[in-house]
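Note that this is a predicted model, so its numbers are computed, not measured. Basis for what follows: all heavy atoms, side chains included, without hydrogens, waters or symmetry-related copies. Lettering of chains follows the sequences in order, A, B, ..., and the numbering in each one begins at 1.
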2 protein chains.
Amino acid sequence: MTSPPQAKRPVTRADVARLAGVSPAVVSYVLNGTDRPVSPATRTRVEDAIAALRYRPNAIARALRQGTTRTVGLLIPDSSNPLFAELSQEIEAVADAAGYAIILTNARGDVQHEAQQLRNLVDRQVDGLIVISASMVDPYVDQLQAMGLPIVVMDRVGPLPGITTVGVDFELGSSIAVEHMLSHGHRVVAAVLGDDGSPSTIARERGWAGALQAAKAQEGPTVRVPFSREGGYEAGLNLLSRPVPPAAVFISSDLQAVGFLRAAHEIGVAVPEQTAVISFDGSLECQFTWPALSVVEQPLTELAHLAMSALLEGEAGTHTVVQPRLIARASCGCLPAH
Amino acid sequence: MTSPPQAKRPVTRADVARLAGVSPAVVSYVLNGTDRPVSPATRTRVEDAIAALRYRPNAIARALRQGTTRTVGLLIPDSSNPLFAELSQEIEAVADAAGYAIILTNARGDVQHEAQQLRNLVDRQVDGLIVISASMVDPYVDQLQAMGLPIVVMDRVGPLPGITTVGVDFELGSSIAVEHMLSHGHRVVAAVLGDDGSPSTIARERGWAGALQAAKAQEGPTVRVPFSREGGYEAGLNLLSRPVPPAAVFISSDLQAVGFLRAAHEIGVAVPEQTAVISFDGSLECQFTWPALSVVEQPLTELAHLAMSALLEGEAGTHTVVQPRLIARASCGCLPAH
DNA sequence: ATGAAAGCGCTAACAT
DNA sequence: ATGTTAGCGCTTTCAT
């Protein structure tokens, strides 16, 4: 009688040790290749046993023992926002290269839920937290800080005292956009801004206003709408259905710009001929709008690298700011639409 | 002399037990509220101690003990594809509601890397795997199956023998799209298809051809390009720069349709007047294209629910197929663009 | 160069 | 109703 079709008990370090005829410790020595001396002969025996049994170390047990999961928690407002989806992809790639896995959660624009998710990630013993565009109002965050859990906040310019941030210079980026408009000869630039009153919205507004002021140009009308295609559409309807639509508009985000373009098409305002547009972000979607959007691009790969290294090696409380760059396409009037 | 500023050793179940004056086991009883009887008095003492110490159970230790991490691995081709980003968001929401966290990885279109990531997830002791649009060529998958780890494959119609799949009926969806074109009076429908020869591409082609045949209508030209905006753009250039552009085109995916529309604008072909278009997927992006895309929509929320329940409760090897539905907007000629 | 043993934080079977 | 204890699979002193 043969044994029953072998219960699928996972193979452990002990099984390997038994087959190789060594103690469990030696298996660890071989696997973790620290400077522990192992004779070539036993090393081979262990390696053969590992291969024969298809042994794979249990990361959970290792995590419990070592006190590190090689996992980082990533909290995002909304994966369906292409900017965040693209950024999280970059972060995942960088983390993976460093041997870290990503536990991903969505805040869903709900502060309660955000706090809940944060707690959940910490309970799961993540080694660090990357939090994008968070409200961070939860006092729990302070507590995390105090516990020494590394946290990096992105897409949010300071000043969160004591909290590490990595992000783009929104003010500079916005002024670059406006200056480019001015170089096209515009003397008045309108703005579509976020309606959240967040620091990054304020920074963008300041960049827009500052660039105009520096050039002694004039502030056009502003409209504040949510960071969404719908918001941008609404803003477009608002601005473009006026008796004389603005000749140049700075738009705070790609998503809003996409909605704005739709409004322009509906109303029959030609972009860039009647209204020139530059937006902020530079997600993939805006390369294929009609006309293609000129953008101030957030360097997502660079941001992802900086965030991970700030998380893993950085000193808490630093604020890393990277410079966005202009990508001129058709919507500002640089390229012929065709 | 006071003790130094308190090393941040995390508080454990033992600390709680000590403070509450009970044994560590009782703390577990209180927390895990199984039908274990605990006197109201001690329960309160324990709860107070938990609150006072801000104790949170270590999920890793619990996982090691219980043999379940309440974690599912999600392998996606590419988070920057809006369809996958939106689907992963839905999956995350459903998983979260069920108390599961998602470990997210990207396959990056690389079979080697895909296999690597899969192994990584398994090493991390995920309770199940949701794999989207995978090549699944790796023999390791069979092994996983054999080990009894639940796996659900999405965005891929059968027949992966023995593997659970959840997906949309691509053939039906495609025929719905074509039938709708026919209802607009078209008698010839062209097709933009994927170039990967995958089962889902074949199914879409069959749906397109089948609907035409059933109506005794005629197959227009087909062009096979990658599932990307660039691919669709190329397809658009190809089809629309012909002496007589096709009057109706079925496009395999939103991403391709977005590229196709850009080609139409560049060439100056009016959609839907000169060329009507319907695409497959129904991601958010295509509501704001110009004109708005008519689509056959994948019900992502439903798919996410089905995938999770197939994973957690389902019997292996089942094939769940859901019906997509038509959302007629402007690009097919249903709605005025304006 | 290898082994024995302690213990990471938790749960659950088994006392009492 | 509560306590004791034996692990889960692993790493890492400390012995030998």
Checklist outcome for this item: Side-chain contact check for A/P57: nearest option of D/dC10, C/dC10, C/dA12 is D/dC10
Item to check | Separation of C/dC10 C1' from B/R18 CZ (nearest whole Å) | outcome: 15 Å
Checklist entry - Nearest to the side chain of A/L64, which nucleotide is it out of C/dG9, C/dT2, C/dC10? => result C/dG9
Checklist outcome for this item: Atom CZ of B/R56 and atom P of C/dG9 are separated, to the nearest Å, by 17 Å
Checklist entry - Regarding A/T68 and A/R62, is there a side-chain donor-to-acceptor distance under 3.5 Å anywhere? => result no
Checklist outcome for this item: B/Y29 has its side chain closest, among C/dA12, C/dG9, D/dC10, to C/dA12
Item to check | Atom pair distance, as rounded to whole Å: CG in B/D123 and P in D/dG9 | outcome: 15 Å
Checklist outcome for this item: Rounded to whole Å, the CZ-P distance (A/R45 to C/dT2) equals 8 Å
Checklist entry - What is the distance, rounded to the nearest whole Å, between atom CD of A/Q125 and atom P of C/dG9? => result 9 Å
Item to check | Whole-Å distance separating the CD1 atom of B/I60 from the C1' atom of C/dC8 | outcome: 11 Å
Checklist entry - For A/I76 and A/L104, what are the C-alpha separation, side-chain angles and deciding distance, and is it a side-chain contact (heavy atoms from CB on, under 4.5 Å)? => result CA-CA 8 Å; A/I76 258 180; A/L104 178 79; 4.1 Å; yes
Next on the checklist: Please report the distance, rounded to the nearest Å, between CZ in A/R9 and C1' in D/dG9.
Outcome noted: 11 Å
Checklist entry - Which of the following nucleotides, C/dG9, D/dG3, D/dC10, is nearest to the side chain of B/T12? => result C/dG9
Checklist entry - Taking CG from B/L31 and P from C/dA12, how many angstroms apart are they, rounded to a whole number? => result 12 Å
Checklist outcome for this item: Ranking D/dT2, D/dG3, C/dA4 by distance to the side chain of A/A25, first place goes to C/dA4
Checklist entry - Across the strands shown, which category fits A/V22 at heavy-atom distances under 4.0 angstrom: base, sugar-phosphate, nothing? => result sugar-phosphate
Item to check | A/S28 side-chain N/O to D/dT12 phosphate OP1/OP2 under 4.0 Å | outcome: no
Next on the checklist: Salt bridge check, B/R108 against A/D96: does any charged N sit closer than 4.0 Å to a carboxylate O?
Outcome noted: yes
Checklist outcome for this item: Sorted by position of nearest nucleotide on DNA chain D, 5' first, the leading residue of A/Q66 and B/V38 is B/V38
Item to check | Ion pair A/R18/A/D15, N-O distance below 4.0 Å | outcome: yes
Checklist entry - Is the shortest side-chain N/O distance from A/R13 to OP1 or OP2 of D/dG9 below 4.0 Å? => result no
Checklist entry - Looking at B/L121, B/I102, B/L129, which one forms a side-chain contact (heavy atoms from CB on, under 4.5 Å) with B/V72? => result B/I102
Item to check | Phosphate contact (C/dT2 OP1 or OP2) by A/T42 side-chain N/O below 4.0 Å | outcome: yes
